[in-house]
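Scope of the values below: all heavy atoms of this structure, side chains included, with no hydrogens, waters or symmetry mates. Residue numbers start from 1 in every chain, and the chains themselves are labelled A, B, ... in the order their sequence lines are given, proteins ahead of strands.
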Amino acid sequence: MTENTQQQHDSVPELPTQYAPAEVEGPLYERWVERGYFTADATSDKKPYTIVIPPPNVTGSLHLGHAFQHTLMDALTRRKRMQGYEALWLPGMDHAGIATQNKVEQQLAEEGKSRHDLGREAFVDRVWQWKEEYGGKILGQMRRLGDGVDWSRERFTMDEGLSKAVQTIFKKLYDDELIYRAERIINWCPRCLTAISDIEVEYQEDDGELVSIRYGEGDESLVVATTRAETMLGDTAVAVHPEDERYAHLVGKQIKLPLTDRTIPVVADTHVDPEFGTGAVKVTPAHDPNDFAIGQRHDLPSMTVMDERGVITVHGPFLGLDRFEARSAIVGALREQGRIVAEKRPYVHSVGHCSRCSTTVEPRLSMQWWVKVGPLAQAAGDAVRDGRVKIHPEDMSKRYFDWVDNMHDWCISRQLWWGHRIPVWYGPEGQVVCVGPDEEPPSGEGWHQDTDVLDTWFSSGLWPFSTLGWPEKTPDLAKFYATDVLLTGHDIIFFWVARMMMFGLYAMDGVAPFHTIALTGLVRDERGKKMSKSFGNVVDPLDWMDQYGSDAVRFTLAKGANPGTDVPIGEDWVQASRNFANKIWNATRFALMNGATVEGELPAAERLSATDRWILSRLNATVAEVDAYYEDYQFAKVSDALYHFAWDEVFDWYVELSKTTFMGGGEQAKVSARVLGEVLDVTLKLLHPIVPFVTEALWTTLTGKESLVVAEWPKDGGFRDAAAEAEIENLQQVITEVRRFRADQGLQPGQRVPARLGLSGTALAAHEGAIRQLLRLQPAGEEFQATANLTIGGATVALDLSGTIDVEAERKRLAKALAAAEKEKSQATAKLGNEAFLAKAAEAAVEKIRTRLAKAEADIERISAQLAALPGA
RNA sequence: GGGCGCAUAGCUCAGCGGUAGAGCGCCGCUCUUACAAAGCGGAUGUCGGCGGUUCAAAUCCGUCUGUGCCCACCA
C-alpha cells in the first residue's frame, strides 16, 4: 500500500463488518424529516411531481400490501426529487366509516353499552377520542419503512378542509341534478344496519335450498321455485313469460297466496326465463331487485315484510322470527299443507355478503341518496380512452372500461353516525334544501338535517384535490394538481380509482387527477397463496423490518413488482435482500479501505485501464437501463438490473480485478480509487430510492456530503467502450475456465500453482497481474514443467502441477468441452446451410451464427490439441 | 353465464420469433485486502398436451387440460 492510500485509509471512519440496520435506520429517518427533505415547496420554480397516498384506514396497521405500494411510491418520489423535481408525496388517512364505527361499537359493547346509549353526538365524540388514542398506528409504521412523505401536509378525510370539500361537491352535484334521492332496492346489511353500495357486496357460493311451492288452488294454480321462501309473505304477484303457453290461461287472474289471506295476480313479463325452473316466478318487489323492476312495470304494490334487522314484521305465526328462522318455519308450514312439490338441497348459489362483516346482505326497499353516474362515468372513461390518462399495465384498462361503461347509480347514503353528514335539511312542509358550506342551514320549527352520512368512498374520491386545499384556490392546488401517478392495487379500481376520476374531472374542470394509473398486484405468501388470517399465513412486515431491516423488506418487494401481477414474498427472500444490503455495505467498506474517493475530476479515458473503462461503460449503460425501467414502472426490472450490476459486475469482478492495482499502489491505484469512488457514488444513488437507508449511511461516509435524499440523480454520460467490454469479457472467460480446470483437478482454492502465461500479442497482457492474483498462479521457476496447457481466447496458460495432474479428470473435462463445441458446430453449420434462413433472416442474426461457428471450430481445434497432449494419449 | 390471466429448473418467477435464464434451494471445495449474511466450481428443464403458421416457435395462431382472478339482477 502506498503512503497516499494509507493516509486515506487512516482518515476513513471505521465501519463494522456487518451492516446493522436497526442502529442506522431510525436516526436517519428522523434526520431526513428534521431537515425538511420531504417537505415540498409550493412556491419553488421546480417542476412539480406529486403522488397522493392511497389513504389507509385510520383503524389500519401496516401490512405487506401497504409496505409494497409504499415502497414503490417512495421510490418514484425519491427518484424524482433527486432529478430536481419539487416532489410531493402527500400522506393521510381515511376515516373509514363502517370499519371505524364498528371498532368503537365493539369497544362500547365491552362496557355493556351501545351507541344508542350514548346518542349521536357523544358517540361521534367518542370516535374522535378513539382516533386520537388508537388511530393512525400506521403512520408510525410508515416512518419505519422510510416513507418520504410530507408530514406537514398530512390530511384526514374528516378534517375541516376535507369536510368542506365534501359539502361543496355535494352541493354542486345536487345543483347539477347529479345527486338525487330515491326509494329503491338497496343492499342492506342487517348487522351494520346500513345501506351499502353494490361493490361493497361480496358474492360467494353458498349452500341453499331450492323449494318449489304450489301457489293457488286447483286449475288456477302453478308452482314457483325459490331459495328465499321467507319473502313469500311479501309477494304481490307471480310472473310468467308472456309467450309461455303453459300459463297463458292464468295471466291476469288472481291466485291465492299460501299462508296468507291474500290473492295475487299472475303477470306476464319478459324477464322470466321459461326454461328456468317451472317458468313461474314469485314476485316480491320490496325484497328483490328484479322483482322490484317487475313491480314497477306492472304497477304492483311493494310489501315490506322484514325490519332492518331482518326480522319478520308481518302479523301471524311468523311475526318476530329472524329471516333464516322464518325461512325454515315457512317451508315447514307449507310442507304440512302439501304445497312443497319439490326440494333441492343443497342448492349452490351465489349469495351477497357485507364486505365489512360478512353478514348475508338483505335487499331492501329504502329511501337513499344516489349519484347519477352516467355523465361522470362517461367522462372518466373518455379520459382513458383518449389517452389523457394511461393505465399500467395496459390490459388492466379493460377492467376499468367494463366498470365505468356499465356503472349503476351509486348509493351514497349510509345509516351510520361516523362520517360526513348529508348536508340536506328537510322542512315541516316537505321542503328539501341542500346547504352549501358557506350557507346557513334553515332553522326554525320542524326543520331537521338528514341523519345519514356519506359513503366513505365519497370523500376518498376527492382525495387528489381536497388534500391540496380545494375548494379554496390554494398555492398547493395550483402547484401540485393534477398529480402525476396514482399507484394502488388493482382491487380498488372500482372503489376508488374510478371515483377519483369521476370527481376529479368534474370538480377540476375536466383535468384528470393524474396522468398515470399504475396498478400493482396483491402481496401473496411464498407459495403464491393469498395472505389471510384464516390461512394463518399473514406476515407482519414490522417483524421482518426489525429482523432484517427496512431496506431488505423494501428491496424484496420491489424485486417482486412485476407490473400488475401478484407478488409472492417469503422470509427467505427477505434474507437474501438483507444479504444484498450487507454486500453493499462491505463493498463500500473495501472501497473506503482502498482510498476510494469522489474528490476531483474523473481521470480522462486515456489514463484509465481497460478495467476502469469497462466498469464505467457498464455503469453508464446501467444508468440508462434503470431510467428506462423506471419510466415504464418496471420496478422488478429496476431492482434486478441493479442487483446484478452491483453484485456481479462491481462487487465481484471490478473489485477483484482492481485488487492487484490497489496492491500495486502508485498512479494507477489512485486512478482506480477515483473510478471505484465514482462507480459507488452512482450505484448508491441508483439504489437509493429502493433501499434508502443503507445507501444513505454509506454514501454520506464515502462522499462526506450531506444527504443522498437531495443528491442529484445520475445521468447516462454516454460513455461506452465496446472494446474494453470485450476485453474484460475475454478476461473473465480466461479466469473462469482456469478456475474450472483447477476445480476439476481438485486443487484447493488457495493453493498456489506455478504457471507460465502466454499473453503477448493479446489485450490480456496488461492483466497478467490480475490473472495471477485471481487464479493463485505463481511465477514459473527454474524447475517449471508444463503439465497442463490451457488455451482460452487467444491466451495460453501453462500450469505446472508437478506430476500431480489428474489425467482422467482432465480428459473428462476436455471431452465434455469438445462435445459441447462439436454440438455447437453442427448446429451452426446446419443453420448456415439453410438457404431459406440465409435468405430471410436479418443480417445480424446470420452474422451471429457465423461467429458462433468460428468460435466452435477454434474451440474444437484447441481442445483436440490439448487432449492429444495429455500424457498417455 | 360472461370476461381476463396464468401454466418455463425442487420452489417463486423473468424471458415472448433466432444458442433455455435469475433468486432461493441442492452437491462439492475454501477464511483468499471487504463481506461465511461470503467466495469459487457443479448438477438440474420433452418451456402443460395436441395440432397449425414459419427457414426458425418457450415465444405467433387454434384446440384440449389444469389453475387463478374479475364481473353479472343464476328466481
Side-chain angles (χ1 to χ4, degrees), chain A residues 1 15 17-19 185 198-199 203 210 224-228 239 271-273 276-284 288-293 348-350 363 395-396 398-399 402-403 406 408 490-491 493-494 522 524-528 530 548 556 559-560 562 564-570 572-573 575-594 636-637 640 643-644 651-652 655-656 659 662-663 735-736 739-744 746-751 773-774 776 823-824 827-828 831 834-842 844-846 848-849 852:
Chain A
M1 208 172 267
L15 294 177
T17 62
Q18 280 195 356
Y19 172 51
I185 293 278
D198 291 349
I199 48 174
Y203 287 90
L210 185 70
V224 300
T226 182
T227 53
R228 299 180 59 219
H271 167 77
V272 179
D273 175 6
F276 189 95
T278 60
V281 188
K282 63 190 272 308
V283 180
T284 324
D288 183 279
N290 288 322
D291 295 4
F292 182 74
V348 179
H349 63 142
S350 181
D395 32 303
M396 280 288 175
K398 185 154 179 18
R399 240 149 97 175
D402 281 350
W403 170 256
N406 300 296
H408 295 257
H490 62 69
D491 54 330
I493 297 176
F494 311 141
L522 275 21
R524 295 175 171 270
D525 75 5
E526 71 271 25
R527 316 209 50 180
K530 193 170 169 172
Y548 304 111
T556 309
K559 204 156 186 289
N562 288 117
T565 61
D566 290 344
V567 186
I569 185 170
D572 285 357
W573 308 345
Q575 266 173 32
S577 299
R578 180 269 318 260
N579 296 354
F580 180 48
N582 193 233
K583 187 75 185 177
I584 301 170
W585 181 265
N586 274 294
T588 308
R589 265 185 80 217
F590 171 85
L592 292 169
M593 285 165 58
N594 284 286
K637 299 236 166 90
D640 203 55
Y643 181 88
H644 284 111
F651 303 158
D652 276 349
V655 163
E656 292 301 329
K659 278 181 180 171
F662 288 130
M663 281 187 290
I735 290 169
T736 305
R739 274 175 176 162
R740 192 174 298 145
F741 170 80
R742 291 184 53 121
D744 288 344
L747 294 176
Q748 300 204 324
Q751 186 177 333
Q773 161 75 13
L774 292 183
R776 315 283 133 178
K823 187 178 164 198
E824 185 75 7
Q827 279 179 356
K831 201 116 199 196
N834 184 333
E835 295 294 331
F837 169 68
L838 294 176
K840 295 190 184 179
V846 178
K848 236 168 131 181
I849 307 287
R852 267 170 63 191

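- Both A:D291 and A:Y19 sit near RNA chain B, but only A:Y19 has its closest nucleotide nearer the 5' end.
- Under the 4.5 Å side-chain criterion, counting only non-hydrogen atoms from C-beta, A:D566 is in contact with A:H490.
- Of the side-chain N and O atoms in A:R740, one or more sit less than 4.0 angstrom from OP1 or OP2 of B:rG42.
- Looking at A:D288 and A:I185, their side chains never come closer than 4.5 Å, going by heavy atoms from C-beta outward.
- For the pair A:M593/A:L15, no side-chain contact is recorded, criterion being any heavy-atom separation below 4.5 Å from C-beta on.
- At least one side-chain heavy atom of A:Q827 sits less than 4.5 Å from a side-chain heavy atom of A:K823.
- With values rounded to the nearest 0.5 angstrom, A:T556 atom OG1 is found 10.5 Å from A:D572 atom CG.
- The listed nucleotides are B:rA75, B:rA34, B:rA37; the one nearest the side chain of A:N582 is B:rA37.
- Nucleic acid contact for A:Q827: none, since no nucleic acid atom lies under 4.0 Å from a heavy atom of the residue.
- Residue A:F494 is classed as a sugar-phosphate contact, given heavy-atom separations below 4.0 Å to backbone atoms only.
- For B:rC13 and B:rG51, the P atoms lie 29 Å apart once the distance is rounded to whole Å.
- At the heavy-atom level, A:E835 lies nowhere under 4.0 Å from the strands shown.
- Contact check for A:T227 versus A:H349: side-chain heavy atoms found under the 4.5 Å cut-off.
- Residues A:W403 and A:I199 form a side-chain contact, since some pair of their non-hydrogen atoms from C-beta on lies under 4.5 Å apart.
- Across all strands, A:K659 comes closer than 4.0 Å to base atoms (heavy-atom distances).
- The shortest distance between the side-chain N/O atoms of A:K398 and the OP1/OP2 oxygens of B:rC71 is not below 4.0 Å.
- Residue contacts for A:T588: at a heavy-atom cut-off of 4.0 Å it reaches no nucleic acid atom on any strand shown.
- For A:M593, counting side-chain heavy atoms from C-beta on, the closest listed nucleotide (B:rA34, B:rA14, B:rA75) is B:rA34.
- When heavy atoms are screened at a 4.0 angstrom cut-off, A:D652 is found touching the sugar-phosphate backbone but no base atom.
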Give each protein N/O atom lying under 3.5 Å from an N/O atom of nucleotides 21-25 of chain B, with the pair distance.
{"from": "B:rA22", "atom 1": "O3'", "to": "A:H644", "atom 2": "NE2", "distance (Å)": "3.4"}
{"from": "B:rA22", "atom 1": "O2'", "to": "A:H644", "atom 2": "NE2", "distance (Å)": "3.4"}

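- Remark: the A:K583 side chain and the B:rC35 base include a donor-acceptor N/O pair separated by less than 3.5 Å.
- Nucleotides B:rA7 and B:rG15 place their P atoms 10 Å apart, quoted to the nearest Å.
- Under the 3.5 Å distance criterion, the side-chain polar atoms of A:N594 are matched with a main-chain donor or acceptor of A:F590.
- We find the CD1-CD distance between A:I735 and A:Q773 to be 10.0 Å, quoted to the nearest 0.5 Å.
- Counting non-hydrogen atoms under 4.0 angstrom, A:N562 reaches the backbone sugars and phosphates but no base.
- Residue contacts shown for A:A280 include a base, since a base heavy atom lies under 4.0 Å away.
- Note on A:V224: nothing from the nucleic acid sits closer than 4.0 angstrom, heavy atoms only.
- Among the atoms of the strands shown, base atoms are found under 4.0 Å from some heavy atom of A:E656.
- Because its NZ or CZ atom is not both nearer than 6.0 Å to the ring centre of A:Y643 and within 45° of the ring axis, A:K583 does not count as a cation-pi partner of that residue.
- Side-chain N/O atoms of A:K282 include none lying less than 4.0 angstrom from OP1 or OP2 on B:rA75.
- Across all strands, A:P568 comes closer than 4.0 Å only to sugar-phosphate atoms, never to a base (heavy-atom distances).
- Counting only Watson-Crick and G-U wobble pairs whose two distances sit under 3.5 Å, RNA chain B takes part in these stems of three or more pairs: B:1-7 with B:65-71, B:10-13 with B:21-24, B:26-30 with B:38-42, B:48-52 with B:60-64.
- Inter-residue side-chain proximity for A:Q18 and A:W585 is flagged as unmet; no heavy-atom pair is nearer than 4.5 Å.
- Base contact: A:F651 has a heavy atom under 4.0 Å from a base atom.
- When distances are taken from the side chain of A:R524 to each of B:rG39, B:rA34, B:rC69, the shortest belongs to B:rC69.
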